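Let me begin by presenting the structure, written as structure tokens, before commenting on it.
Since the model is a prediction, treat every value here as computed from it, not as a measurement.
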Amino acid sequence: MRQTSTFARLLTATLMAGAATASFAAEQAPAPADAPVQQVAQAQPAGDAAITSQAQAALQKDKDLQALPLTVSTTGGVVVLKGVAPTADLAQKAVLLVQAVSGVKEVRSEIKVG
């Protein structure tokens with residue numbers, strides 16, 4: 001019986017979560033432009049690997065944040081953001097984007113400004 005490293009299992013879980021998210025998003029019909037935005041809560045909180053993956057994706061989608069050297073780690077639904085941002089406003093924007101990710105219980109910012 002082969003042993004699978006923790007890294008390999010986390011990588012597999014992250015890839016599967018990303019694929020499931022992409023598949024789900026592709027199946028959704030686009031809302032009319034004037035429709036109010038609604039968020040649907042998941043029945044079960046997302047796993048840490050999925051939260052990390054979704055938080056990283058949210059940061060990469062934002063044109064102001066995508067070039068910043070930010071890292072994301074998640075334990076028990078608590079996300080830790082580390083890195084450097086040129087302004088406090090951008091650091092706060094990163095925190096707010098990550099807080100909106102499903103399954104996030106808390107965001108701890110260790111982002112240095114300057």
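Between Leu68 and Val84, every side-chain heavy-atom pair lies at or beyond the 4.5 Å cut-off. Using a 4.5 Å heavy-atom threshold, the side chains of Thr52 and Val79 count as separate. Leu59 is listed as a side-chain neighbour of Leu81, based on a closest heavy-atom distance under 4.5 Å.
Val104 is not connected to Val80 by any chain of hydrophobic side-chain contacts under 4.5 Å among Ile, Leu, Val, Met, Phe, Trp and Tyr, and they are in different clusters. Tracing side-chain contacts under 4.5 Å through hydrophobic residues (I, L, V, M, F, W, Y), one reaches Ile111 starting from Leu97; they form part of the same cluster.
Salt-bridge annotation for Glu106 and Arg108: present, with a side-chain N of the basic residue lying under 4.0 Å from a carboxylate O of the acidic one.
Atom CD of residue Gln60 and atom CG of residue Leu70 lie 8.5 Å apart, to the nearest 0.5 angstrom. For the atom pair NZ (Lys82) and OG (Ser109), the distance works out to 11.5 Å, reported to the nearest 0.5 Å. Here Gln66 contributes atom CD and Gln56 contributes atom CD; the two are 14.0 Å apart, rounded to the nearest 0.5 Å. Note that OG1 of Thr87 is 3.5 Å distant from CG of Leu90, once rounded to the nearest 0.5 Å. Here the CD-OG1 distance, from Glu110 to Thr71, works out to 8.5 Å after rounding to the nearest 0.5 Å. Here the straight-line distance linking atom CD1 of Ile51 with atom OG of Ser102 works out to 7.5 Å at 0.5 Å rounding.
Residues Gln99 and Val107 approach most closely at CG-CG2, 3.5 Å, considering heavy atoms. Minimum heavy-atom separation, Ala55 to Val72: CB-CG1, 3.9 Å.
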